[in-house]
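One structure is given below, encoded as structure tokens.
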Amino acid sequence: MPDAFIWYHANENQEPALLDWLEKVEEQADVRGKLFIRKEKDKTTFMETYTDVSSATINRIEKLASTQALFATIHRQCESFVEVSNN
């Protein structure tokens with residue numbers, strides 16, 4: 001199964017709310033994600049990663065995100081990849 005990478009630009013002050021978001025995903029979509037951050041000049045990018053998840057799970061995560069006020073003004077870009085280096 002693929003890994004999911006979901007990235008978006010957001011204010012760095014939203015980090016605590018985004019960590020809370022990961023808890024909600026785990027509770028409601030039954031998958032534990034990781035949160036990464038990159039700060040460049042005046043832009044902060046966050047990335048959620050989910051390992052070994054089905055397309056249905058990715059859809060559940062994105063559907064849940066669409067109901068969250070936190071993401072009302074944030075464009076989430078979701079991509080998935082299958083690892084080939086361990087095959």
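Not counting sequence neighbours, Lys63 has no partner by the side-chain hydrogen bond (donor to acceptor under 3.5 Å, both in side chains) test. Scanning for side-chain hydrogen bond (donor to acceptor under 3.5 Å, both in side chains) contacts around Thr57 gives Ser54, Arg60, with sequence neighbours left out. Residues satisfying the salt bridge (Lys or Arg N to Asp or Glu O under 4.0 Å) criterion with Glu40, sequence neighbours excluded, are Arg38.
Distance check: Cys78 SG to Asn59 CG gives 8.0 Å after rounding to the nearest 0.5 Å. Between atom CD1 of residue Ile74 and atom CD of residue Gln68 there is a gap of 11.5 Å, rounded to the nearest 0.5 Å.
Under the 4.5 Å side-chain criterion, counting only non-hydrogen atoms from C-beta, Thr51 is not in contact with Glu83.
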Result block: side-chain N/O donor-acceptor pairs under 3.5 angstrom for residues 30-37, not counting sequence neighbours:
unit_1, atom_1, unit_2, atom_2, d
Arg32, NH1, Glu23, OE2, 2.9
Arg32, NH1, Glu26, OE1, 3.1
Arg32, NH2, Glu23, OE2, 3.3

Atom pairs and distances, side-chain donor-acceptor, residues 5-18, under 3.5 Å, sequence neighbours left out:
unit_1, atom_1, unit_2, atom_2, d
Trp7, NE1, Glu79, OE2, 3.4
Tyr8, OH, Glu48, OE2, 2.7
His9, ND1, Thr45, OG1, 3.0
Asn11, OD1, Asn13, N, 2.7
Asn11, OD1, Asn13, ND2, 3.3
Glu12, OE2, Lys39, NZ, 3.3
Gln14, OE1, Asn11, N, 3.4

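Judged purely by atom type and a 3.5 angstrom limit, Asp3 has no side-chain atom pairing as donor or acceptor with the backbone of Phe81.
Within the structure, the ring pair (Phe, Tyr, Trp, His ring centres under 6.0 Å) test picks out the following pairs touching residues 14-33 (sequence neighbours left out): Trp21-Phe71.
No path of Ile, Leu, Val, Met, Phe, Trp and Tyr side chains, each step under 4.5 Å between heavy atoms, connects Met47 with Val53, placing them in separate hydrophobic clusters.
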### Query
Between Leu64 and Glu27, does a side chain to side chain contact (heavy atoms under 4.5 Å, CB included) hold up when you go through it step by step?
CA-CA 11 Å; Leu64 182 59; Glu27 292 169 6; over 6 Å; no
